[in-house]
Amino acid sequence: MVTRSLTLKDESATRALGTQIAALLDVGDVVRLFGDLGAGKTTLARAVIEALTGEADAPSPTYTLVQTYETDAGHVLAHADLYRLDDEDELEELGLDEALEHGFTLIEWPGNAPSFAPPDRLDLSLTETEVGVREARLEGHGRWEGLIGEF
Amino acid sequence: MALSHASTSVQIPLSSKGLVVLGLESSCDDTAAAVVRRHPDGQIEVLAEAVSGQNEAHAPYGGVVPEIAARAHSEKIDGLARQVLETAGLKSSQLDGVAATAGPGLIGGVMAALMTAKGIALGAGVPLVAVNHLEGHALSPRLTETLEFPYLLLLVSGGHTQLVIVEGVGQMTRLGSTIDDAAGEAFDKTAKVMGLGFPGGPAVERYAREAKNPERFELPRMLARDKSCDFSFAGLKTAARRAWDSLENPNDADRADLAAAMQAAIARHLSERTRRAMDAFKARFSGEASPRLVVAGGVAANGAVREALQLEAEKAGFQWLAPPLKYCTDNAAMIALAGAERLALGQVDGLEAPARARWPLDADAAQKAPASGSGRKGPKA
């Protein structure tokens, strides 16, 4: 595990981090996004989605639990939100298999399924330290250990 | 035949009894079945309906206890289908068609109703209609009212926030939708931050009613300079959370004031954006003497939201309508209705019709819309 902390001074810095993550993603990668309500998880996820698919207004997956996209390169991109999950077993209902094997997976509220931690992943925690300013803590696992230095 | 929603056109004999359609729904939290009759004059009669699974008190704001397991949906859907047919006093062979939500939604859930519908349709030798869940919502006011096209629809729930011009079955134009969270989600999540309990929407409304100082918290006006009909709630949610975090030992009075501020901000945003859409609607249908705004979705149950929208509609010269709450939230009657309307137009689907996770309303409309704008001009009223 390799970690790194970054200060994101405004929303555009959060988005820029998302764009940078998107550029480093490889098939099978998982990004888990930790943080409180309003910490900027969805903003960051949306930047990743926009960078990979061109879709600028990705909706929140809270209600639908998962939104899937096709990237410009033809891969599946799944944006899942575990906020409403009661039980870790429900995770398999989300149908993430294809994205996990052949695409990319973004997970919000991963704490509701703590044992879901595929080997090649980036864990990212966002905390608002003062109004509009966020601290991002990046934790690289597997393939991502070698990528943390890129940020 | 390039349509991916591969409807085939068939001649449906319109007998004097109209069309009787079974509708099945399992695309999100609820499992539901209903039978409707579409009379030859277009009147809709709900013959039977049943919903299972969810605590109905949770439904208005999008449900907080999702029945997401496809297995749970599929275990219930057969029984519900049998139950509504029995209540309606019908055998499946007496149906004119079977409709099911084919998307958008969680794929496993969608498949539960769709596969059951295919089985019943095949067994009974009647056509299948694969319905877009959002089209069901868009047509839902017609379950209880005679409502002429076109009308403006605001669909506002835990999962959706969109403004749509409904010109006919399969003829929908989306004017705007949320660029982040849905309105119901903003209610739910704020309620959770303040620890108001579930369901979030009614809890916020209950606390807001007790507010001594509803002006105390200033929340931002979202998309204030944006000229579109889109919505945004994420910033509001963040601002409410910040306001909450800034309080030392918050008490119920603080909860009430912040709940009031949040509710007012959501209501204001919804009515501001709807106002823009009403202007767009009027510009497009300048011949409409009495344009109509329909508000569907669980958030329409919130008193403050309702009041703000009613007022805005009145100011813009719109007639205001909202279906009863049970048809505002996810239900199968609206799916049966959409199926019956499509059937009446001769639009049916093959048994290969796919379940779709994503299915935007207007992509479908674009596919279905005739090249010439038929029938729009010179309104009836």
Side-chain angles (χ1 to χ4, degrees), chain A residues 11 14 35-47 49-50 53 55-70 76-87 89-99 108-109 112-113 126-134, chain B residues 27-29 61-73 104-111 133 157-162 176-182 184-186 188-190 192-194 228 230-246 355-358 360:
Chain A
E11 196 179 309
T14 306
D36 282 340
L37 279 177
K41 298 185 296 297
T42 305
T43 301
L44 194 133
R46 266 211 297 275
I49 293 163
E50 182 172 4
T53 70
E55 175 131 2
D57 296 334
S60 160
T62 298
Y63 185 70
T64 53
L65 301 157
V66 58
Q67 299 276 357
T68 52
Y69 302 86
E70 191 179 325
V76 181
L77 168 63
H79 180 202
D81 186 333
L82 312 187
Y83 184 80
R84 302 203 304 145
L85 288 200
D86 284 331
D87 187 334
D89 294 345
E90 292 174 337
L91 191 66
E92 68 181 80
E93 298 290 340
L94 302 194
L96 297 177
D97 310 4
E98 199 191 345
E108 295 191 44
W109 297 98
N112 286 355
L126 291 166
T127 319
E128 193 174 38
T129 46
E130 55 189 285
V131 173
V133 181
R134 274 137 180 126
Chain B
S27 65
C28 198
D29 296 355
Y61 291 88
V64 287
V65 189
E67 186 62 89
I68 63 164
R71 194 181 55 243
H73 278 306
L106 209 55
I107 205 78
V110 173
M111 276 168 68
H133 179 82
S157 66
H160 305 288
T161 308
Q162 39 184 273
S177 51
T178 181
I179 60 168
D180 41 53
D181 299 349
E185 192 179 335
D188 267 342
K189 290 193 168 168
T190 310
K192 181 152 188 184
V193 165
M194 293 195 280
S228 77
D230 287 337
F231 301 86
S232 170
F233 294 96
L236 213 47
K237 179 185 74 184
T238 304
R241 204 250 313 136
R242 263 183 214 145
W244 178 253
D245 287 347
S246 72
R356 304 170 176 206
R358 304 188 77 202

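As the structure is a computational prediction, the values presented were derived from the model and not from experiment. Throughout, protein chains are lettered first and strands after them, A, B, ... in sequence-line order, and every chain is numbered starting at 1.
With hydrogens and angles left out, the side-chain atoms of E185(B) and S60(A) include a donor and acceptor closer than 3.5 Å. T62(A) and D81(A) are linked by a side-chain donor-acceptor pair at a separation below 3.5 angstrom, with hydrogens and angles left out of the test.
Comparing V66(A), V131(A), T42(A) by how many heavy-atom pairs each has under 4.5 Å with chain B, the most go to V131(A). Across D230(B), T238(B), T178(B), the residue that shares the most heavy-atom pairs under 4.5 angstrom with chain A is T238(B). Between chain B and the residues T68(A), D89(A), T43(A), D36(A), the largest count of heavy-atom pairs under 4.5 Å involves T68(A). Taking chain A as the reference chain and counting heavy-atom pairs below 4.5 Å, the highest number among D181(B), D180(B), V193(B) is found for D180(B).
Proximity to chain B is absent for every atom of E70(A), based on heavy atoms less than 4.5 angstrom apart. Only the side chain of K237(B) comes within less than 4.5 Å of a heavy atom of chain A; its backbone N, CA, C and O stay farther away. Neither the backbone nor the side chain of A56(A) comes within less than 4.5 Å of any heavy atom of chain B. Neither the backbone nor the side chain of E92(A) comes within contact range of chain B, judged by heavy atoms closer than 4.5 Å.
Enclosure of atom CE in M111(B) is not indicated, since only 12 or fewer non-hydrogen atoms of other residues, nucleotides or ligands lie within 6.0 angstrom.
Ionic pairing of R241(B) and D245(B) is present here: one or more N-O contacts between side-chain nitrogen and carboxylate oxygen are shorter than 4.0 angstrom.
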Practice item. Please report the C-alpha distance between E90(A) and L82(A) in whole Å, then the side-chain angles of each, then the deciding distance to 0.1 Å, and finally whether the side-chain contact (heavy atoms from CB on, under 4.5 Å) criterion is met. Key: CA-CA 9 Å; E90(A) 292 174 337; L82(A) 312 187; over 6 Å; no

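A cation-pi contact links K192(B) to Y83(A), judged by a cut-off of 6.0 Å to the six-membered ring centre and 45° from its axis.
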